[in-house]
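Let me begin by presenting the structure, written as structure tokens, before commenting on it.
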Amino acid sequence: MYIKSLNSLDPAVEKEIREVYSYCKKHDSLKAKLLLDGAVNFNLEINYLFLLYEEDRLISFLYMFMPTAQGAEISAYTLPEYRRKGCFKRLLSEAAEQLKRYDVKNMLLVCESQCLSGQECIKRLGGSYDFTEYFMRFDISANVFDKSYEYKTKLYMPGISDIEKLCHVSMLAFDETREEAESFIINCFNSKNRKAYATFREDKMIGIGNGYLGDEEAIIYGLGVLPEFQGRGFGKELLLLIMKDLLQNGYKNISLEVDSNNLRAFELYKRNGFGVEVAFDYYKKGVPLDR
């Protein structure tokens with residue numbers, strides 16, 4: 001067996017990965033859609049894909065999502081006949097060495113809540129439960145747009161010239177450093193599949209958000225409102241204005257993710273037509289791996 005590590009994805013490799021995932025999805029009754037985009041990782045030089053081969057056959061792969069240097073979200077899939085043979089541990093060790101080089105100290109191992117085999121594997125490797133994240137999908141039949149409602153904010157499509165304003169909102173809304181905010185925003189602008197949004201109240205940018213635009217699906221992420229404007233309905237306006245733009249551009253399949261600890265956001269999404277489709281459990285693990 002041997003491992004390949006990559007920081008980009010070509011069509012041939014993507015096909016191999018999706019074939020493995022398709023088999024695992026059917027075997028384990030998984031519900032999630034596989035996203036392999038590394039465009040918003042905080043450092044684009046880091047290898048974020050790790051592939052384990054037996055001869056020329058891909059038998060297991062690991063994917064890392066790293067929007068900041070605080071930690072890497074890790075998902076992995078192994079063909080059923082190769083499980084309990086150390087495949088995941090081998091890939092995880094390789095990924096940990098990569099993270100160590102870039103001074104990333106934490107890993108979050110991600111597993112669908114109903115996947116018992118995945119949870120058992122993570123626990124054997126010393127992962128400790130941290131939180132659950134809900135993947136929610138918009139019900140297109142939901143009546144959430146009140147035509148009589150007068151919006152207090154206006155939707156704006158920011159560009160790179162708005163970097164200072166975007167960073168200001170991002171730093172305060174998400175409690176992150178200037179470096180983290182700028183890296184994430186620039187990577188979003190450089191990605192052909194992502195669209196940035198902002199809302200203004202009078203002449204002040206108060207909210208930001210993003211959309212990942214797939215062939216048939218749009219994923220809303222990175223929604224944030226300045227602290228002094230929170231709890232006043234501006235988060236709802238930001239969400240609805242982005243949804244309106246996506247729907248007007250032909251995206252009927254809209255989804256988002258929310259941390260189980262963020263009850264306010266979870267309730268906001270439920271009230272505005274989103275329902276839980278799948279839950280992901282996150283387990284903490286330090287870098288490097290304990291041996």
Side-chain angles (χ1 to χ4, degrees), residues 1-28 30-54 57-80 82-83 86-102 104 106-113 115 117-119 121-122 125 127 130 133 135 184 187-188 191 193-194 212 214 217 219 221 255 257 278-285 287-289:
M1 294 183 182
Y2 62 95
I3 293 175
K4 289 183 182 178
S5 59
L6 308 169
N7 67 357
S8 62
L9 188 63
D10 64 53
V13 172
E14 182 174 3
K15 182 181 179 182
E16 289 181 311
I17 291 173
R18 293 198 179 279
E19 286 175 353
V20 170
Y21 177 71
S22 179
Y23 198 100
C24 293
K25 184 175 183 179
K26 183 177 180 180
H27 181 272
D28 298 306
L30 303 177
K31 298 179 181 180
K33 183 176 180 179
L34 183 65
L35 295 176
L36 299 169
D37 184 17
V40 297
N41 286 342
F42 77 94
N43 188 320
L44 300 182
E45 295 180 357
I46 298 180
N47 290 337
Y48 67 93
L49 287 168
F50 297 83
L51 316 175
L52 180 61
Y53 289 86
E54 183 177 70
R57 183 189 185 194
L58 180 64
I59 62 172
S60 184
F61 71 90
L62 181 150
Y63 162 72
M64 299 197 299
F65 175 63
M66 300 165 286
T68 75
Q70 300 302 312
E73 297 179 13
I74 293 177
S75 303
Y77 302 89
T78 301
L79 291 174
Y82 289 93
R83 294 176 184 177
C87 294
F88 177 49
K89 184 175 182 179
R90 188 169 171 178
L91 287 172
L92 196 59
S93 296
E94 194 81 11
E97 288 302 314
Q98 178 76 183
L99 294 175
K100 188 177 178 182
R101 293 189 200 112
Y102 291 87
V104 179
N106 295 292
M107 296 185 291
L108 281 171
L109 310 181
V110 186
C111 180
E112 288 192 27
S113 296
C115 185
S117 63
Q119 291 186 19
C121 180
I122 290 172
L125 291 173
D130 192 20
E133 189 168 74
F135 181 88
F184 184 80
N187 286 341
C188 287
S191 171
N193 295 324
R194 296 174 191 269
Y212 175 86
E217 179 179 11
I219 302 174
Y221 67 97
S255 59
E257 294 180 350
V278 60
F280 297 94
D281 293 332
Y282 284 68
Y283 295 82
K284 289 191 294 187
K285 179 71 178 174
V287 177
L289 290 173

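No hydrogens, no waters, no symmetry mates; every other heavy atom, side chains included, goes into these values.
- No donor-acceptor pair under 3.5 Å is formed between the side chain of Arg194 and the backbone N or O of Asn187.
- Distance alone, capped at 3.5 Å, places no donor-acceptor pair between the Lys285 side chain and the Leu109 backbone.
- The OG1 atom of Thr68 sits 10.0 Å away from the CG atom of Asn41 when rounded to the nearest 0.5 Å.
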Audit row: Glu54, Cys87, side chain to side chain contact (heavy atoms under 4.5 Å, CB included) steps and yes/no: CA-CA 11 Å; Glu54 183 177 70; Cys87 294; over 6 Å; no

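- Side-chain contact between Phe65 and Leu35 is absent, with no heavy-atom pair separated by less than 4.5 Å.
- Interatomic distance, OH of Tyr21 versus CG of Asp28, reported as 9.5 Å (0.5 Å rounding).
- Distance alone, capped at 3.5 Å, is enough to place a donor-acceptor pair between the Asp37 side chain and the Ala39 backbone.
- Taken to the nearest 0.5 Å, the CZ atom of Phe135 stands 7.0 Å off from the CZ atom of Phe280.
- Of all the heavy atoms in Lys25 and Ala32, the pair that sits closest is NZ-O, 3.7 Å.
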Stepwise side chain to side chain contact (heavy atoms under 4.5 Å, CB included) test for Asn7 and Leu44: CA-CA 7 Å; Asn7 67 357; Leu44 300 182; over 6 Å; no

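- Heavy-atom contacts from other residues, nucleotides or ligands closer than 6.0 Å to OH of Tyr102 number more than 12.
- Glu16 places no side-chain N or O within donor-acceptor distance of the main-chain N or O of Leu58, the cut-off being under 3.5 Å.
- Annotation: side chain of Met66 is in contact with side chain of Leu99 (closest heavy-atom distance under 4.5 Å).
- A ring-centre distance under 6.0 Å is found for Phe61 and Tyr77.
- Contact between Val287 and Ala96 at its shortest, heavy atoms only, is CG1-O, 3.5 Å.
- With hydrogens and angles disregarded, no donor-acceptor distance shorter than 3.5 Å links the side chain of Glu73 to the backbone of Val110.
- At a threshold of 4.5 Å between non-hydrogen side-chain atoms, the residues Tyr283 and Gln119 count as touching.
- Within the 4.5 Å cutoff, the side chain of Leu52 has no heavy atoms near those of the Tyr82 side chain.
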Evaluation steps, side chain to side chain contact (heavy atoms under 4.5 Å, CB included), between Tyr63 and Ile17: CA-CA 10 Å; Tyr63 162 72; Ile17 291 173; over 6 Å; no

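- In plain terms, the two heavy atoms of Ser60 and Thr78 that are nearest each other are OG-OG1, 2.7 Å.
- Distance OG/Ser5 to CD1/Ile46: 12.0 Å, rounded to 0.5 Å.
- Arg90 places a side-chain N or O within 3.5 Å of a backbone atom of Met1 that can act as its donor or acceptor partner.
- The neighbour count for Lys31 NZ, taken as heavy atoms of other residues, nucleotides or ligands under 6.0 Å away, does not exceed 12.
- One distance of note links CG of Asn47 with CZ of Arg101; it measures 8.0 Å at 0.5 Å rounding.
- Minimum heavy-atom separation, Asn43 to Glu45: OD1-N, 2.8 Å.
- To the nearest 0.5 angstrom, Met64 atom CE is 9.5 Å from Leu92 atom CG.
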